[in-house]
Amino acid sequence: MTTASAPTTPAPTAPAASRSAGRRYRHALRLLTVRDLRVRYSTSALGYLWSILDPLVMSAIYWFVFTQVFHRGSVGEAPYIVFLLSALLPWMWFTGAVSDSTRAFTSEAKLIRSTTIPRSIWVARVSASKGIEFLLSLPVLAVFAIATGAHVHWQLALYPIAIVLQAGLVYGLGLIVAPLVVFFRDLERAVKLVLRFLFYASPIIYGTQALPHRLHDLAALNPLSGIFGIYRSAFFPKQLDWREVAVSFVLTLIVIVIGTVVFRRSEHRVLKEL
């Protein structure tokens, strides 16, 4: 007499398992990003205003210097406040994400050790939360563009390209600095110094076209030049340089590859150090 064997549940196929892991990763990333934004805004009386107050104050200072003290034609285009904000707002995303990435592991050490989610998510959520803050600040740029009568051009449709490029760039840099700071704590201060230098080495208060011709090739090696050029081209089409955009694309890919290699090789050592 034979007994019927119980039906067995087929093991999930590799593509199904990959999709499931991808959904879990996205779900965890969404939860951590929302948590970061809630903590940042709920503990502040002004909340959202703080995300735009800093760039507004900086823009006001540079607007005064380069329109009331010096001639603005030597550095940018009119309306200069729109010229400034169109690069300063994405710069706040860049510098905030890279700076916060230096503390991505050290500030969450206990939680990282006690969870099994991919450790790269702690870097991704920094880039995501700062990216959302950037998107929330775009209405400010729109208000100034309307108030000053700035003309909008078709290059506005290129904004998603700039956003994707910048997201990849800050994520790749985060994968590099986040684990290295665990081993070299002084790197956190070094990153702040580099960011301070990079502010003036990037086309924020000026355009690359305002630089001497001999410096154009050097400026193109800064991946932010092409990205900021896309943002600005929505109002100032002459600021778009496809050569700079191509260089930004290549350098972003290189940074992501290097960041992935550095992160994978140091991940286990990071867990031991935390």
Side-chain angles (χ1 to χ4, degrees), residues 21-22 24-40 43 54 90-134 164-202 218 221-225 227 247-274:
R24 289 197 299 270
Y25 187 94
R26 291 191 296 271
H27 179 67
L29 176 60
R30 183 169 61 253
L31 290 178
L32 289 173
T33 302
V34 171
R35 185 203 66 168
D36 281 0
L37 292 173
R38 284 179 176 174
V39 169
R40 187 172 297 120
T43 57
D54 191 16
W91 166 258
M92 300 304 294
W93 173 14
F94 177 83
T95 187
V98 174
S99 179
D100 285 1
S101 291
T102 61
R103 301 182 297 274
F105 287 156
T106 56
S107 63
E108 303 277 5
K110 293 182 179 179
L111 191 57
I112 292 174
R113 288 196 304 264
S114 61
T115 57
T116 59
I117 58 177
R119 271 73 189 187
S120 61
I121 204 170
W122 300 100
V123 177
R125 54 103 182 178
V126 172
S127 177
S129 62
K130 291 298 181 181
I132 292 174
E133 287 186 352
F134 164 70
V164 170
L165 276 178
Q166 185 166 349
L169 180 63
V170 297
Y171 177 64
L173 290 173
L175 290 177
I176 295 174
V177 301
L180 292 183
V181 167
V182 176
F183 308 122
F184 311 102
R185 297 304 173 98
D186 288 342
L187 184 60
E188 182 177 348
R189 295 185 178 181
V191 168
K192 292 181 179 180
L193 290 177
V194 172
L195 289 173
R196 190 174 304 172
F197 166 79
L198 192 59
F199 174 84
Y200 294 101
S202 301
L218 184 61
L221 294 177
N222 181 351
L224 294 177
S225 295
I227 295 173
V247 173
S248 297
F249 178 78
V250 173
L251 291 178
T252 297
L253 287 180
I254 292 175
V255 168
I256 292 175
V257 171
I258 294 175
T260 301
V261 172
V262 170
F263 190 87
R264 288 180 177 178
R265 291 187 176 182
S266 59
E267 183 176 0
H268 294 296
R269 293 176 55 200
V270 165
L271 293 177
K272 293 180 180 179
E273 289 287 334
L274 290 176

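We use all heavy atoms of the structure for the numbers below, so side chains are in, but hydrogens, waters and symmetry mates are not.
The structure places CG of Leu173 at 4.5 Å from CG of Leu169, a figure rounded to the nearest 0.5 Å. Of the inter-residue distances, the one linking Trp91 atom CH2 with Ile227 atom CD1 reads 11.5 Å to the nearest 0.5 angstrom. Interatomic distance, Leu193 CG to Leu187 CG, rounded to the nearest 0.5 Å: 10.5 Å. Between the CZ atom of Arg196 and the NZ atom of Lys192 there is a distance of 9.0 Å, given to the nearest 0.5 Å. The distance from the CZ atom of Arg189 to the OG1 atom of Thr102 is 11.5 Å, given to the nearest 0.5 Å.
A donor-acceptor pair is defined here as one N or O able to donate and one able to accept, closer than 3.5 Å; no such pair exists between the side chain of Ser202 and the backbone of Phe199.
Nearest heavy atom pair, residue Val98 against residue Val177, reads O-CG2, 4.2 Å. Among all heavy-atom pairs drawn from Leu251 and Pro223, the shortest one is CD1-CD, 3.9 Å. Between Gly172 and Val255, the shortest heavy-atom contact is C-CG1, 3.6 Å. When all heavy atoms of Trp122 and Arg125 are compared, the pair lying nearest together is O-NE, 3.2 Å. Contact detail for Gly259 and Leu175: the closest heavy-atom pair is O-CB, 3.5 Å. Heavy-atom minimum distance, Arg185 versus Val182: NE-O, 3.2 Å.
Put simply, the side chain of Asp100 reaches to within 4.5 Å of the side chain of Lys130, judged on heavy atoms. No side-chain heavy atom of Ser99 sits under 4.5 Å from any side-chain heavy atom of Val191. At least one side-chain heavy atom of Leu224 sits less than 4.5 Å from a side-chain heavy atom of Leu198.
Trp93 and Phe134 have parallel rings, their planes meeting at less than 30° on a 0 to 90° scale where 60° marks the start of perpendicular.
Every residue two or more places apart in sequence or in another chain that forms a side chain to side chain contact (heavy atoms under 4.5 Å, CB included) with Phe249 is listed here: Leu165, Leu253.
Comment: Arg264 does not engage Glu267 in a salt bridge, judged by the lack of any side-chain N to carboxylate O separation of less than 4.0 angstrom.
Residue pairs meeting the ring pair (Phe, Tyr, Trp, His ring centres under 6.0 Å) criterion with at least one member in residues 167-195: none, sequence neighbours excluded.
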